[in-house]
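Structure record follows, encoded as structure tokens.
Please read all numbers here as calculations on a predicted model, not as lab measurements. The chain is numbered in sequence order, starting from 1. Keep in mind that the numbers below use all heavy atoms, side chains included, and drop hydrogens, waters and symmetry copies. Start at 1 and go down the list; that is how both ligands and their atoms are numbered.
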Amino acid sequence: MRMRNKPWAKEKMMEYPQYVIQNPEEHRGKWKELFEKEAPLHIEIGTGKGRFITEMAKAHPDTNFIGIELSDNVLVSALDRLIEAEVPNLKLLNVNAKNLPQYFEEGEVDRIYLNFSDPWPKTRHEKRRLTYKDFLALYESILKPNGEIHFKTDNQGLFEYSLVSFSHYGLLLNYVSLDLHNSGMEGNIMTEYEEKFSNKGNRIYRCEAQFPDGQRA
Ligand code: SAM
């Protein structure tokens with residue numbers, strides 16, 4: 001995501017520690033204490049400007065959400081949305097997903113959303129794709145048994161790669177759609193990228209991938 005550099009972004013995020021959690025490792029195993037309601041925890045990795053996760057939090061008040069985004073320049077836009085929405089069931093983290101187990105205990109997360117993840121099309125960059133097997137192992141370590149990954153993209157190459165990666169890892173594939181917007185799915189909440197690319201005429205691909213029971217060592 002190309003963004004204007006915002007040198008003030010970090011400072012602004014520190015002004016809202018109730019929304020952008022500053023020391024996430026201190027909440028490992030205790031995220032439910034930070035939310036008003038004890039509820040399932042869903043996280044989005046690469047949350048971007050936060051439209052999806054904020055609208056999800058509004059639409060599902062009985063679920064707690066955390067949006068995770070590497071770039072402070074981008075996450076500060078998600079913070080603006082959250083300040084306006086004032087939802088109690090959403091927090092943001094400005095961290096890299098490669099360190100997820102530092103922030104979440106085994107089995108603490110119920111679902112992971114990956115929306116329009118960077119495709120990294122060059123083979124030599126495969127390890128950076130958020131559906132690469134090493135990332136799946138990280139997700140497995142923080143998800144409950146039978147936890148799910150819900151994945152959307154307009155990038156056919158990344159989608160095909162991810163289906164194979166999920167399948168090789170032993171995940172079960174559900175609701176695979178090659179044209180989400182013509183699939184009849186109800187309650188789909190669009191991300192910023194989803195709106196941009198579907199307006200250009202791109203098809204949107206989606207699947208749900210579930211870890212089977214008892215795989216964890
Ligand atoms: N999900 C949003 C959407 O659909 O509009 C943003 C999509 S954008 C192409 C991908 C985002 O993932 C970028 O903002 C990028 O900074 C973030 N990202 C990439 N790798 C990440 C990582 N390892 N940890 C956290 N965020 C990451």
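Side chain to side chain, Glu160 and Tyr205 fail the donor-acceptor criterion of an N or O pair below 3.5 Å. Residues Asn188 and Glu194 bring a donor and an acceptor atom of their side chains to less than 3.5 Å of each other.
Put simply, part of Glu44 is less than 4.0 Å from ligand 1, judged by heavy atoms. At least one heavy atom of Val95 sits less than 4.0 Å from an atom of ligand 1.
Near Glu192, meaning under 4.0 Å from one of its heavy atoms, ligand 1 places the atoms 5 (O).
The residues Asp72 and Lys6 are annotated as not salt-bridged, no charged nitrogen and carboxylate oxygen being separated by less than 4.0 angstrom. Salt bridge absent: Asp179 and Arg203 never bring a charged side-chain N and a carboxylate O closer than 4.0 Å. For Lys12 and Glu15, the salt-bridge test fails: no basic side-chain N is under 4.0 Å from an acidic carboxylate O.
Between Leu70 and ligand 1, a contact under 3.5 Å exists for at least one N or O pair. Looking at Glu194 next to ligand 1, no N or O pair under 3.5 Å apart turns up. Every N/O-N/O distance between Gly48 and ligand 1 stays at or above 3.5 Å. For a threshold of 3.5 Å applied to N or O pairs, the pair formed by Ser71 and ligand 1 contains no separation below that value. Polar contact with ligand 1: present for Asn96 (N/O pair, distance under 3.5 Å).
Considering only non-hydrogen atoms, atom 4 (O) of ligand 1 lies nearest to Thr191 out of Thr153, Leu130, Thr191. Comparing Phe116, Phe135, Tyr193, Phe197 against atom 5 (O) of ligand 1, the shortest heavy-atom distance belongs to Tyr193. When Arg51, Glu69, Lys98 are ranked by how near their heavy atoms come to atom 11 (C) of ligand 1, first place goes to Glu69.
Evaluation of the ring-ring contact (aromatic ring centres under 6.0 Å, His included) rule for Phe135 yields no partner, not counting sequence neighbours. Scored by the ring-ring contact (aromatic ring centres under 6.0 Å, His included) test, Trp120 finds His125 as partners (sequence neighbours excluded).
Contact annotation for Lys152 and ligand 1: no heavy atom of the residue comes within less than 4.0 Å of the ligand.
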